[in-house]
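One structure is given here, and the rest of the page talks about it.
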Amino acid sequence: MLRGSNIRTITEILNKKCRNCKYPGSEITRFPVDDNVVSWDHESPEYKPEFYESQVLQGKPWADPKYGSEEFLKIKFNEVDNGVNRVSYMGNYRIVENLPQNPIGRTGIYGRGILGRWGPNHAADPIVTQWKRDDNGDVVKDSSTGRPLLQMCAILRRDCAEWAIPGGMVDPGEKVSVTLKREFTEEALNCGKAPEEVEKFFQQDGEEVYRGYVDDPRNTDNAWMETLAVNFHDDTGDFVGGFKLEAGDDAARVKWADISEKLTLYASHIQMIKEVVDRLQAHW
């Protein structure tokens, strides 16, 4: 169950993390894109990005067909296509020369890069939080703001060595609520089946924090990340204190990270965490 429909939009997304740099896992440098020509509404006749589609994707059962193939031309964008959700949280996206167009704008590279799906690639991010407590079990408060200190369960991603929310991709036909629990179990607990206490914890109503586009380094002009982020907060500490954190799957490390303005996270994750901080009136 998810609650909360008054979702604050992450504003001023200008593809900052997927512009003017090399594409992850390649030697391809993105075509330069200034802030004032990110939007497709602004003409940029000199814009000539390189095409890139990672060979890693070829033959993978979870990946879409190769660009230009007969199967690629059968993809039904802006709808649920044979169980694959190709509907964007951002609304209908344009199809230009048979390719879906990034709803935010130019990224300096076209193709799908290393992303499995053309168009939106749907993920789910479980933001599991607790109050930081001292040895007596009392909630620790910041000396300057007087607000309680919040902690989040964070993983260190193997692919880029950045701390992140332990989320992952939504499988075809899978409910997002199932993805949230599955990804936390795999990434932060390193087990295939959620322990009983984890099952019980994720049965509580989570607070929906954000749904929409993610400024992700893997985004291209034709493939991009979108997510549904949900906060599961343990106000008493009775649940998560018993979790045996162990890095698994794509995580190199896992820890309870203290949340403040000094925290650095992957992609747009820090904006999602700031939303949780504001809602819980925690220290920032």
Side-chain angles (χ1 to χ4, degrees), residues 1-5 7-8 10 85 89 120-132 150-160 162-171 173-214 216 225-259 263 265-280 282:
M1 294 288 293
L2 306 180
R3 66 174 183 269
S5 56
I7 307 163
R8 186 181 70 180
I10 294 178
N85 184 10
Y89 290 131
N121 288 253
H122 288 286
D125 287 307
I127 303 173
V128 177
T129 56
Q130 66 173 351
W131 298 116
K132 185 173 184 177
L150 192 64
Q151 294 181 314
M152 64 169 286
C153 182
I155 62 164
L156 185 67
R157 293 175 59 114
R158 291 185 185 277
D159 59 352
C160 61
E162 292 186 71
W163 289 98
I165 300 167
M169 307 308 297
V170 180
D171 291 338
E174 184 178 49
K175 291 183 178 180
V176 175
S177 58
V178 174
T179 309
L180 290 162
K181 180 179 64 178
R182 173 175 58 78
E183 286 298 328
F184 181 81
T185 301
E186 292 176 356
E187 300 280 0
L189 303 178
N190 194 26
C191 55
K193 188 178 185 306
E196 184 177 348
E197 63 270 23
V198 176
E199 288 277 1
K200 189 175 181 180
F201 178 67
F202 276 90
Q203 285 175 4
Q204 68 172 317
D205 288 346
E207 188 77 36
E208 187 173 318
V209 173
Y210 176 75
R211 65 168 69 199
Y213 183 93
V214 179
D216 189 289
M225 290 297 302
E226 296 191 11
T227 196
L228 174 67
V230 181
N231 178 218
F232 294 91
H233 178 65
D234 185 358
D235 195 58
T236 64
D238 293 338
F239 282 102
V240 300
F243 290 178
K244 297 180 181 179
L245 299 184
E246 180 180 340
D249 198 19
D250 297 325
R253 292 173 57 194
V254 60
K255 69 176 182 179
W256 287 107
D258 292 351
I259 297 175
L263 184 63
L265 296 175
Y266 176 79
S268 300
H269 290 189
I270 193 64
Q271 290 99 322
M272 301 173 198
I273 298 303
K274 183 59 166 62
E275 176 70 12
V276 175
V277 167
D278 291 345
R279 290 184 179 213
L280 295 177

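Any value given below was found using the heavy atoms of this structure, including those in side chains, with hydrogens, waters and symmetry copies removed.
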Parallel under 30°, tilted from 30 to 60°, perpendicular over 60°: which one fits the rings of Phe202 and Phe232?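 The arrangement is tilted - the two ring planes meet at 30° to 60°.
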Side chains of [X] and [Y], heavy atoms from C-beta outward: is any pair under 4.5 Å?
{"X": "Thr236", "Y": "Trp131", "answer": "no"}
{"X": "Asp159", "Y": "Asp250", "answer": "no"}
{"X": "Asn121", "Y": "Met169", "answer": "yes"}
{"X": "Leu263", "Y": "Ile270", "answer": "yes"}
{"X": "Arg253", "Y": "Trp163", "answer": "yes"}
{"X": "Asp125", "Y": "Leu228", "answer": "no"}
{"X": "Met152", "Y": "Val276", "answer": "no"}
{"X": "Asn85", "Y": "Val170", "answer": "no"}

Gap separating the [atom1] atom of [X] from the [atom2] atom of [Y], nearest 0.5 angstrom:
{"X": "Thr129", "Y": "Asp235", "atom1": "OG1", "atom2": "CG", "answer": "9.0 Å"}
{"X": "Ile127", "Y": "Glu208", "atom1": "CD1", "atom2": "CD", "answer": "11.0 Å"}
{"X": "Gln151", "Y": "Gln130", "atom1": "CD", "atom2": "CD", "answer": "5.0 Å"}
{"X": "Cys160", "Y": "Tyr266", "atom1": "SG", "atom2": "OH", "answer": "5.5 Å"}

Check for a donor-acceptor pair, side chain of [X] on one end and backbone N or O of [Y] on the other, with a separation under 3.5 Å.
{"X": "Glu187", "Y": "Ile155", "answer": "no"}
{"X": "Gln204", "Y": "Phe201", "answer": "yes"}
{"X": "His269", "Y": "Ile165", "answer": "yes"}
{"X": "Thr227", "Y": "Ala123", "answer": "yes"}
{"X": "Asp234", "Y": "Val240", "answer": "yes"}

Please give me the minimum heavy-atom distance between [X] and [Y], naming the atom from each residue.
{"X": "Val198", "Y": "Phe243", "result": "CG2-CE2, 3.7 Å"}
{"X": "Ala282", "Y": "Leu150", "result": "CB-CB, 3.9 Å"}
{"X": "Ala124", "Y": "Leu180", "result": "CB-CD2, 3.7 Å"}
{"X": "Cys153", "Y": "Pro166", "result": "O-CD, 3.4 Å"}
{"X": "Glu183", "Y": "Gly167", "result": "OE1-O, 3.3 Å"}
{"X": "Lys181", "Y": "Thr185", "result": "O-OG1, 2.8 Å"}

Would you sort out whether Leu245 and Leu189 count as a side-chain contact (heavy atoms from CB on, under 4.5 Å), showing the intermediate values? CA-CA 5 Å; Leu245 299 184; Leu189 303 178; 4.0 Å; yes
Between the side chains of Arg279 and Glu275, is the shortest nitrogen-to-carboxylate-oxygen separation below 4.0 Å, so that they form an ion pair?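 Yes, Glu275 and Arg279 are salt-bridged.
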Go through it in stages, so that I can follow the logic: the residues are Thr179 and His122, the test is side-chain contact (heavy atoms from CB on, under 4.5 Å), and I'd like the CA-CA distance, side-chain angles, deciding distance and then a yes or no. CA-CA 11 Å; Thr179 309; His122 288 286; over 6 Å; no
